Amino acid sequence: MAKLHERKFVSADPEKCVGCSVCEYACSMVKEKTYNPTKARVRVIRLGPLVNLAVACRLCEDPACVAACPRDALSQEENTGIIVVDDDKCNGCGWCIEGCDYGAIMLHPERKVVYVCDTCKEEGKPQCVEWCPEEALDFVTADVLAQKARRNAVKKLFQESQEEPTEK
Amino acid sequence: MQAYAGRILHVDLSTGKVGTETLNEALAKQYIGGIGLGIYLLMKHSKPGTDAFSPDNPLIFATGPLSGTMGPTAGNGYAVVSKSPATGGVAESKAHGFFGPELKRAGYDAVVFSGKSEKLVYAWIDDDTVHLMDAQHLKGKSPNETDTAIREELGDYYIRVSAIGEAGEKLVRFASIINDEFRAVGRTGMGAVMGSKNLKAVAVRGTKDVNVADLEGFKEFIKMIHERMKGPATRKYRTLGTPENVLVLNALAALPTRNFTQATFEGAEKVSGEYLNEHYVKKIIGCATCAMRCDHIAVVPEGPYKGSTSRMEFECLWALGPSCGVDRLDAIIEAMRLCNHYGVDGISAGVTVGFAMDLYENGILTKDKTDGMDLRFGNHEALIEMIKGIGSRSGWLGDVLAEGTKLAAEKIGKSANQYAPHIKGLELPGYDIRGLKTAALGFAVSFRGACHLRSGAYSPDVKGKVNRFKIEKGRGKIVMENEDLYNAIDSLILCKFSRGTYYDGLDDMAKYYSLATGIEANAEDLRKAGERINNLARLFNIREGVGTREYDTLPPKITSVPIPDEGVAKGSFVNKEEFELGLDDYYEVRGWTKQGVPTVTKLEELDLGRFAHIVKKKGEK
């Protein structure tokens, strides 16, 4: 049985993300066979020139979207953590959208049911990650993210401690 | 025909009437999109002799065929075309970012704004629905403030906005239109034309699909361009950015300093790309669909301009820096921020202030005209004050300089025109063409006035491919070939920073175009479209009375003041003889008359026969 920390999701590094939205276009190309960011499962937010980040489903534990659905249209795959939408049950009411803290689940503009990142299960790996020109996107587990953060923190500490004497 | 929307939107601002016309495949192939389609629509929808600020002057927003696709750089642009209030001739300028693709997704290849609204409005294009919205509460706001306010009040974060600032509202002749905070339709005063129509902004939300003809082939092509974008062809733009030019041009004694007085700047190191990146650049960000990113976002960390933030590129850095003798990057960044705040072209604004400083140093402008300001070269506080004065047309001098160097020189009188660095009314960019003479010829014949991006003719000079200190036979051909290429590029709306990634030039571009649109086109088709567009632009200028030989000129400083700096370029200037030879050479390869007028034969060859009446003399059939 898969453990939570083995679930991989698409994560963007705020240091590297430049807000170019190549991921949105790649997503719509792969999933919808067209170019249309309003049909992308990953979305970019630019709050200002220095604040850019792509956001996609985080595959939460006890996902709020699943809990919020009054029609049992959403479920979470045990192994992968992917949120599965039953298009026949979904009526586009949007409770799941309100439930999601990340804006990662959205109403499809044409099909009028919700849709969400499935980590390109069929394609083998997330295509946005493949296309990201800045290598800002990663397909990782929460555990690996934590490892990365720790490594960076330690690197920074050491850099600072090494820089200090030379500056004086 | 794929990738194109196949529709042109018409918005009459006087009546509020909205309509669409179809864009057919033959026209699309002939003019491609962007500036080509825009200039065609300008010719079609304007009457001879219309003033740039007349309601009858159409203002055209055109997307490119690839806008809205995942095509890097070509996917994200738009062009604005009209008659220029600076030159009286054809005006065009492009911007990238996120606005262009949104307009395409709304379902339009172009939008033609005609007439004039009674009150300040913004156009809200919501896919098929178009509303003119009251914008009086946005009066005086910067483009970025306008953008934020509109997205807020319409309640959709992903609306994209292209807006003017106070300068556009007040008809500053080099006012810009700005989208995505820093992306400017900068040159030729398009913001002023927009202001003359009481059009504060264009807000767009487009949700339609943009499909390409051959999705697999297109995907492979862009994958290849993505890889190339990570390589040497874009190194400059991804690393130091265009400000790298500061030291390169300075070493060649080709960095115009203090309004084209010197050609080297003693403060070059302090305003170099190297210095900028080390001390000010916080992040490099990118436009939609681009795999190279180039937007160097500079933030001033300390001092009187602390916190000032702007995107920085070479041309504006040069205009606001060396051209004004200013060697402080913090002040230059603040001046650039103000240009974006008021919505003025940073090149023309900086050059115009440098021109005023030159007049002040030479006693033509005195303190009674500057409100007591010490307008000497290098006074960064004066630079900041003058940008504010121009942007808001405040003070006698601010109001005069807001007319651009050509008209300002006429108003100031005395010998002011001897110091005015413009061609056809458009201010020169940052190349000292006294010692870059292919560029001098290219700038002189450019249809939109002094411009480095109509032919890129500085490149053979800077790279040493020709003897840059003389004009000789053959330069006309170099200029022409580059013009035709650049016309194709600006009609596809490829970002020129990415031009090096098309290793096979027009062949690559034709493949790109065909994969997306499904329209068969080869390199020769694109080249010929480029030639057609150049001739059509020339025809427009001839029709407006500013398109013949006597308008292909160089500023007095370029033709009469030798470069004084010790070194390789000392003594160089463009003499009349070589310049006339260059014009003859250029007109000849273009198939134009000695007067610089396209012949009927040439026009027919380019399928422009229907415009032949413009070049026929009265009584001639």
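Keep in mind that this is a model prediction, so the values were computed, not measured. Computation of the quantities below employed the complete heavy-atom set of this structure, encompassing side-chain atoms and omitting hydrogens, waters and symmetry-equivalent molecules. Chain letters run A, B, ... following the sequence lines, proteins first and then strands; every chain starts at 1.
For residues 40-84 of chain A, there are no ring-ring contact (aromatic ring centres under 6.0 Å, His included) pairs, not counting sequence neighbours.
Applying the salt bridge (charged side-chain N to carboxylate O under 4.0 Å, His left out) rule to A/Lys89 yields no partners; only residues at least two apart in sequence or on another chain are considered. Under the rule for a side-chain contact (heavy atoms from CB on, under 4.5 Å), B/Pro232 has no partner lying at least two apart in sequence or in another chain.
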Problem - side-chain contact (heavy atoms from CB on, under 4.5 Å) assessment of A/Ile83 paired with A/Val66 - result: CA-CA 8 Å; A/Ile83 306 297; A/Val66 175; 4.0 Å; yes

Handout entry: Evaluation steps, side-chain contact (heavy atoms from CB on, under 4.5 Å), between A/Val22 and A/Cys132
Key = CA-CA 6 Å; A/Val22 164; A/Cys132 176; over 6 Å; no

Practice task
Quick one: do B/Ile285 and B/Ile297 satisfy side-chain contact (heavy atoms from CB on, under 4.5 Å)? Show the steps, please.
Solution key: CA-CA 7 Å; B/Ile285 60 173; B/Ile297 306 298; 4.0 Å; yes

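Residue A/Cys23: no heavy atom, backbone or side chain, is found under 4.5 Å from chain B. The parts of A/Pro49 that come within reach of chain B are both its backbone and its side chain, each placing non-hydrogen atoms under 4.5 angstrom from that chain.
Here the CG-CE distance, from B/Leu338 to B/Met336, works out to 9.5 Å after rounding to the nearest 0.5 Å.
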To see if you've got the definition right, give the donor-acceptor pairs under 3.5 angstrom between chain A and chain B.
residue: A/Pro14; atom: O; partner: B/Lys283; partner atom: NZ; Å: 3.1
residue: A/Glu15; atom: O; partner: B/Lys283; partner atom: NZ; Å: 3.3
residue: A/Cys17; atom: O; partner: B/Lys283; partner atom: NZ; Å: 2.8
residue: A/Val18; atom: O; partner: B/Gly286; partner atom: N; Å: 3.3
residue: A/Cys20; atom: O; partner: B/Thr289; partner atom: N; Å: 2.8
residue: A/Tyr25; atom: OH; partner: B/Arg105; partner atom: NH1; Å: 2.9
residue: A/Thr34; atom: OG1; partner: B/Val210; partner atom: O; Å: 3.3
residue: A/Thr34; atom: OG1; partner: B/Asn211; partner atom: OD1; Å: 2.5
residue: A/Tyr35; atom: N; partner: B/Val210; partner atom: O; Å: 3.1
residue: A/Tyr35; atom: O; partner: B/Val210; partner atom: N; Å: 3.0
residue: A/Asn36; atom: ND2; partner: B/Thr207; partner atom: O; Å: 2.8
residue: A/Asn36; atom: ND2; partner: B/Lys208; partner atom: O; Å: 3.3
residue: A/Asn36; atom: ND2; partner: B/Asp209; partner atom: OD1; Å: 2.8
residue: A/Lys39; atom: NZ; partner: B/Asp209; partner atom: OD1; Å: 2.8
residue: A/Lys39; atom: NZ; partner: B/Asp209; partner atom: OD2; Å: 3.0
residue: A/Val44; atom: O; partner: B/Tyr158; partner atom: OH; Å: 3.1
residue: A/Arg46; atom: N; partner: B/Tyr157; partner atom: OH; Å: 3.3
residue: A/Arg46; atom: O; partner: B/Tyr157; partner atom: OH; Å: 2.6
residue: A/Arg46; atom: NH2; partner: B/Gly286; partner atom: O; Å: 2.7
residue: A/Glu134; atom: OE1; partner: B/Arg293; partner atom: NE; Å: 3.0
residue: A/Glu134; atom: OE2; partner: B/Arg293; partner atom: NE; Å: 3.4

